Every structure is written in structure tokens, then in C-alpha cells.
Colleague: 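To start, I am sharing the structure in question, which I have written as C-alpha cells.
Given the structure is predicted, the values throughout are model-derived calculations rather than measurements.
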Amino acid sequence: MSDAERNFLSDNVVPMADEVLAALAQANRDSVHSYGEDPYTERCTAALSTLFETEVVCLPVATGTAANAIALAAMTPPYGAIYCHDRAHIVTDECGAPEFYSGGAKLIGVTARDGKLRPEQLREPIELARESGVHHVLPASLSLTQATEWGTVYTPDEIRALADFAHQHGLRVHVDGARLANAIAHLGCSPAEATWRAGVDALSFGVTKNGGMAAEAVVFFDPRLAQDAALRRKRSGHLWSKGRFLAAQLLACVSDGLWLRLARHANAMATRLATGLAQLPDLHLVQRVEANEIFAHMPDALIHALRSEGFEFYLWPTPPGEAAPVVRLVTSYRTTPAAVDALIAAAQRHLRAGS
Ligand SMILES: Cc1ncc(COP(=O)(O)O)c(C=O)c1O
């Protein structure tokens with residue numbers, strides 16, 4: 001078993017899919033226009049419009065942070081509030097990019113044990129803001145993560161309920177879809193049903209974790225929101241002159257359903273790992289496993305023993321009401337059944353030996 005196979009740290013540790021590398025090589029043959037005026041970018045917008053069954057505005061960028069920050073800045077004034085989960089990537093892992101790009105908007109985190117917000121949780125903070133008038137930031141946006149940071153998945157009905165509530169209160173709805181593929185693979189619905197048909201206004205559509213090298217698309221379902229987004233992308237240094245290489249990755253991923261094939265595999269490996277771990281004593285899953293991430297409480301000694309055998313995974317903040325320590329294990333399109341079984345067997349062996 002190679003070191004790479006023992007790596008359950010993240011789905012962005014893996015190489016790009018062969019299909020993406022081939023697409024980059026293909027895009028590397030000729031000279032084409034720059035700054036997104038190339039045929040790859042044009043085809044990418046057409047492909048995403050087909051995928052989402054509606055005409056979208058699509059702005060490719062290289063990171064999820066840029067996608068989230070550009071999308072949120074497009075829908076949030078500097079004096080606006082962005083409601084989101086309190087452990088959302090935009091809160092914990094983006095170094096204040098949404099606040100920076102929007103010129104000062106405020107992220108307001110809401111706690112939800114399984115990563116999924118509920119409409120009634122938004123009522124109080126929005127009412128508080130309305131009552132406070134000019135003294136409080138203006139409720140402007142709701143940002144959901146799909147699949148969530150806790151590896152769970154919103155159903156289209158849950159998104160619709162949140163989006164309806166948000167729209168009734170004058171908010172726009174953004175989805176951080178760094179793992180949208182894993183969510184759609186789990187739901188088995190169309191990408192349209194889980195996004196704009198459920199009320200989503202803008203989406204960060206990521207492929208980096210699912211076969212891409214580095215590509216995300218800011219997808220606007222409401223073209224009015226996209227008006228100044230191209231300027232924001234340029235101003236923030238995220239308009240690539242050789243934009244074709246971003247578009248080529250996105251195109252390769254959505255062509256022939258590659259993104260869903262890869263995500264289905266990653267999810268299946270997570271289910272296999274979760275099923276194996278759930279049988280073991282002294283260890284339990286702390287979240288439902290619906291996508292490609294597993295969160296489990298593990299005894300310290302077992303964590304140490306697995307790490308000393310070369311298995312890599314992160315310790316994770318413990319959710320409310322859970323016993324520490326909690327670990328996160330992530331599977332990807334590259335995870336093999338043999339690697340999953342080896343991890344389960346090693347855990348079994350160490351637990352039996354009293355690690
Ligand atoms: C939920 C979520 N959103 C966005 C991202 C994208 O982050 P980056 O800016 O590192 O591409 C990640 C990556 O870890 C993520 O987990």
C-alpha cells in the first residue's frame with residue numbers, strides 16, 4: 001500500500017483526472033484569444049447552461065475562495081450581512097475574503113450540529129437586524145454549503161424552504177458547491193433541481209476536489225447579479241489571461257458525466273469506510289455520511305496507532321455534545337477499496353490489541 005493510498009486528509013490532495021490532463025494538453029495546441037474570449041470559455045458557458053438546463057453566466061476562477069468571494073460580493077453591499085453556518089468554509093478558511101471582496105460585509109454564523117441550516121434559525125437574526133435599523137448590517141445574503149462542511153447534504157426541498165424564506169426577507173441565496181458533485185451523486189436529482197429550481201441565485205461550482213487541477217466557476221442563475229462580477233473578478237486578479245485552461249478543466253469534468261462518475265466513486269468509498277468503522281467498538285460516527293467525508297470519534301490511542309502506520313487524516317473540531325477527539329477522513333475519486341479495507345483492518349487490529 002503506497003503512502004498516497006493511506007492519505008485521507010482531503011479530496012484536494014489527489015492528482016487531476018486523466019481526462020482533465022488530456023483536455024489541458026488539447027487546449028495547449030493552438031493560440032486563441034485571451035481573457036476568456038476563447039472558444040473553450042464559450043463552450044464552457046454553453047456546457048454549464050446545458051447541465052443546469054438554463055442559461056447561466058459563468059465566470060471561471062482558480063480557487064473556491066475566489067469563487068465564493070466574487071459571488072458573495074456581487075450580492076452583498078459593504079453594509080450587508082451574509083448568513084451562513086458558523087463553521088462554513090467562508091467563515092473559517094478564507095482569511096476574510098468575502099468581507100474583503102465585498103468591501104466590509106459581515107458574516108453571521110448560525111450553529112447547526114449537522115451542518116444544515118433551517119429557515120426558522122434565520123428568523124431571529126434577521127428580525128434583530130431589521131429592528132436595529134441603521135445600527136445593524138443589512139440582511140443581504142444567505143450562503144449554504146452543498147455538500148456541507150459536515151459531509152451532509154441538503155435535499156432540494158430543504159434548499160427551497162431556505163431560499164423561499166431568504167427571498168421573502170429580501171436576501172439572495174448563494175451555494176458554495178466545492179463538493180456539489182458529491183451532493184448531486186448522493187441525491188440522484190438533476191443539478192437544476194438542487195440549485196436554481198430550488199431558489200439558488202448564484203453558485204460556486206467546484207471541480208478542483210473532483211478531478212480538476214484548479215478550477216471553479218462562479219455560476220449566476222440570475223443574470224442581474226452578474227452585471228459587475230466580471231469587473232470584480234478582474235479587479236481581484238482572478239481573470240486569467242490564459243482563461244482557456246480553466247474552461248478546459250471545467251469542460252472536461254462536465255463532459256460525458258465525468259464529474260458525477262468520479263463523485264459517485266468517492267461517495268461509495270466513504271460509505272464503505274463508514275460502514276466498516278461503524279462496526280468497531282470504542283468508535284462512532286458523529287455525522288451521517290452522505291457525501292465523501294467521514295467524521296468519527298476515535299480513541300486517542302487508535303489515532304496515534306493509525307498515524308504511526310502511515311494513515312493520514314485531520315483531527316477536527318468536536319461538534320457540540322460529542323466526545324473528543326473527532327477525526328475527519330475524506331475519500332476521493334482516487335480512493336481504492338483496498339485502501340479503505342486496509343484502514344478498517346488496521347483499526348480493528350489496533351482495537352483488538354488494546355491500542
Ligand atoms: C466547503 C469548501 N468551500 C470552498 C473550498 C475551496 O477552497 P480553496 O480556496 O482552497 O480552493 C473548500 C476547500 O477546502 C471547501 O471545503
Side-chain angles (χ1 to χ4, degrees), residues 68 71-72 75-77 79-94 98-99 102 105-180 182-184 186-187 189 192-204 221-222 225 285-291 293 295 316-322 326:
N68 287 339
L72 287 167
M75 54 174 70
T76 317
Y79 46 83
I82 301 167
Y83 299 93
C84 57
H85 190 270
D86 61 2
R87 301 271 327 151
H89 198 267
I90 55 173
V91 176
T92 61
D93 288 291
E94 300 190 355
E99 295 93 325
S102 61
K106 185 178 170 83
L107 295 180
I108 299 187
V110 178
T111 306
R113 201 196 169 286
D114 62 355
K116 296 205 276 182
L117 303 182
R118 275 79 178 167
E120 59 275 16
Q121 292 183 285
L122 301 173
R123 189 179 302 281
E124 199 184 306
I126 291 175
E127 277 173 5
L128 173 72
R130 298 278 185 228
E131 282 160 18
S132 306
V134 74
H135 302 286
H136 197 288
V137 276
L138 182 80
S141 320
L142 170 66
S143 180
L144 308 172
T145 308
Q146 177 76 314
T148 72
E149 284 82 0
W150 282 115
T152 51
V153 173
Y154 286 100
T155 64
D157 282 347
E158 288 168 338
I159 295 175
R160 190 172 305 104
L162 280 157
D164 285 351
F165 187 90
H167 290 152
Q168 280 157 19
H169 291 81
L171 278 67
R172 296 301 208 141
V173 181
H174 164 253
V175 165
D176 174 350
R179 296 190 180 86
L180 186 76
N182 304 92
I184 299 293
H186 170 76
L187 292 169
C189 68
E193 277 174 274
T195 56
W196 65 274
R197 284 204 183 111
V200 174
D201 298 302
L203 166 73
S204 303
F221 299 110
D222 180 346
L225 282 180
L285 304 177
V286 304
Q287 298 289 355
R288 284 187 313 284
V289 175
E290 296 181 334
E293 294 181 285
F295 297 89
W316 215 250
T318 308
E322 268 303 333
V326 166

Colleague: Would you call Leu171 and Ser141 a side-chain contact if the rule is heavy atoms closer than 4.5 Å?
Modeller: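 Not touching, per the 4.5 Å side-chain cut-off.
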
Colleague: Between Leu162 and Leu122, is there a side-chain heavy-atom distance shorter than 4.5 Å?
Modeller: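 Heavy-atom side-chain distance check passes, below 4.5 Å.
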
Colleague: Let me confirm one number: the CD-OG1 distance from Glu290 to Thr148, rounded to the nearest 0.5 Å.
Modeller: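 Going from CD on Glu290 over to OG1 on Thr148, the span is 8.0 Å.
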
Colleague: Search all heavy atoms of Ala183 against all heavy atoms of Ala147 and return the closest pair with its distance.
Modeller: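 That would be CB-N, 3.8 Å.
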
Colleague: Looking at CG of Leu107 and OG1 of Thr76, how far apart are the two atoms once the value is rounded to the nearest 0.5 Å?
Modeller: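 Taking CG in Leu107 and OG1 in Thr76, the distance rounds to 9.0 Å.
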
Colleague: How far apart are the C-alpha atoms of Val175 and Thr195, what are their side-chain angles, what is the distance that settles it, and do they pass the side-chain contact (heavy atoms from CB on, under 4.5 Å) test?
Modeller: CA-CA 8 Å; Val175 165; Thr195 56; 5.8 Å; no

Colleague: Could you check Thr111 against Asp86 for side chain to side chain donor-acceptor pair (under 3.5 Å), going step by step and ending with a plain yes or no?
Modeller: CA-CA 5 Å; Thr111 306; Asp86 61 2; 2.7 Å; yes

Colleague: Measure across Cys189 and Pro156 and return the closest heavy-atom pair with its distance rounded to 0.1 Å.
Modeller: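 Minimum heavy-atom contact is SG-CG, 4.0 Å.
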
Colleague: Flag the pair Val153 / Leu187 as yes when at least one side-chain heavy-atom distance between them is below 4.5 Å, and no otherwise.
Modeller: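 When only atoms from C-beta onward are counted, Leu187 and Val153 do touch, with a gap below 4.5 Å.
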
Colleague: Working to the nearest 0.5 Å, report the span between OH of Tyr83 and OG of Ser143.
Modeller: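 Here the rounded value is 13.5 Å.
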
Colleague: So, for Arg113 and Val286, which heavy atoms are closest and what is the spacing to 0.1 Å?
Modeller: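 The pair with the smallest heavy-atom distance is NH1-O, 3.3 Å.
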
Colleague: Under a plain distance cut-off of 3.5 Å, with no hydrogens placed, do His89 and Glu94 share a side-chain donor-acceptor pair?
Modeller: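 His89 and Glu94 do have a side-chain donor-acceptor pair below 3.5 Å.
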
Colleague: Considering all heavy atoms of both residues, which atom of Ala105 and which atom of Glu99 are nearest to each other, and what is their separation?
Modeller: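 Shortest heavy-atom separation between Ala105 and Glu99 comes out as O-CG, 3.2 Å.
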
Colleague: Any heavy-atom pair between the side chains of Leu72 and Ser102 that's under 4.5 Å?
Modeller: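 Heavy-atom side-chain distance check fails, nothing below 4.5 Å.
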
Colleague: Do Val200 and Ile159 have side chains that approach each other closer than 4.5 Å (heavy atoms only, starting at C-beta)?
Modeller: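 With C-beta onward as the side chain, the pair touches.
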
Colleague: Give, for atom NZ of Lys116 and atom CD of Glu158, the distance between the pair rounded to the nearest 0.5 Å.
Modeller: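 It is 3.5 Å, given to the nearest 0.5 Å.
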
Colleague: Please check this pair: side chain of Gln146 against backbone of Tyr154, looking for a donor-acceptor N/O pair closer than 3.5 Å.
Modeller: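 Yes; at least one donor-acceptor contact below 3.5 Å.
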
Colleague: Can you classify the ring geometry of Phe295 versus Trp316 as parallel (below 30°), tilted (30 to 60°) or perpendicular (above 60°)?
Modeller: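 Plane angle between 30° and 60°, so tilted.
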
Colleague: Can you measure from CG (Leu203) to CG (Leu180) and round to the nearest 0.5 angstrom?
Modeller: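 Those atoms lie 5.5 Å apart.
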
Colleague: Output side-chain donor-acceptor pairs under 3.5 Å for residues 125-137, partner residues at least two apart or in another chain, one line each.
Modeller:
{"residue": "Arg130", "atom": "NH2", "partner": "His169", "partner atom": "O", "Å": "2.4"}
{"residue": "Ser132", "atom": "OG", "partner": "Leu128", "partner atom": "O", "Å": "2.7"}

Colleague: Looking at Arg118 and Glu120, is any side-chain nitrogen of the basic one under 4.0 Å from a carboxylate oxygen of the acidic one?
Modeller: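 No, Glu120 and Arg118 are not salt-bridged.
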
Colleague: Could you pull out the closest heavy-atom pair between Gly199 and Val173, with the gap in Å?
Modeller: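 Looking at all heavy atoms of both residues, the closest pair is O-CB, 3.9 Å.
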
Colleague: In Å, rounded to the nearest 0.5 Å, how long is the span from CZ of Arg172 to CG of Leu142?
Modeller: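 Arg172 atom CZ to Leu142 atom CG measures 12.5 Å (nearest 0.5 Å).
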
Colleague: Check whether any side-chain heavy atom of Asn182 lies under 4.5 Å from a side-chain heavy atom of His186, and answer yes or no.
Modeller: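 They are not in side-chain contact.
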
Colleague: Minimum heavy-atom separation for His85 to Arg87, with atom names?
Modeller: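 Taking His85 first and Arg87 second, the nearest heavy atoms are ND1-N, 2.9 Å.
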
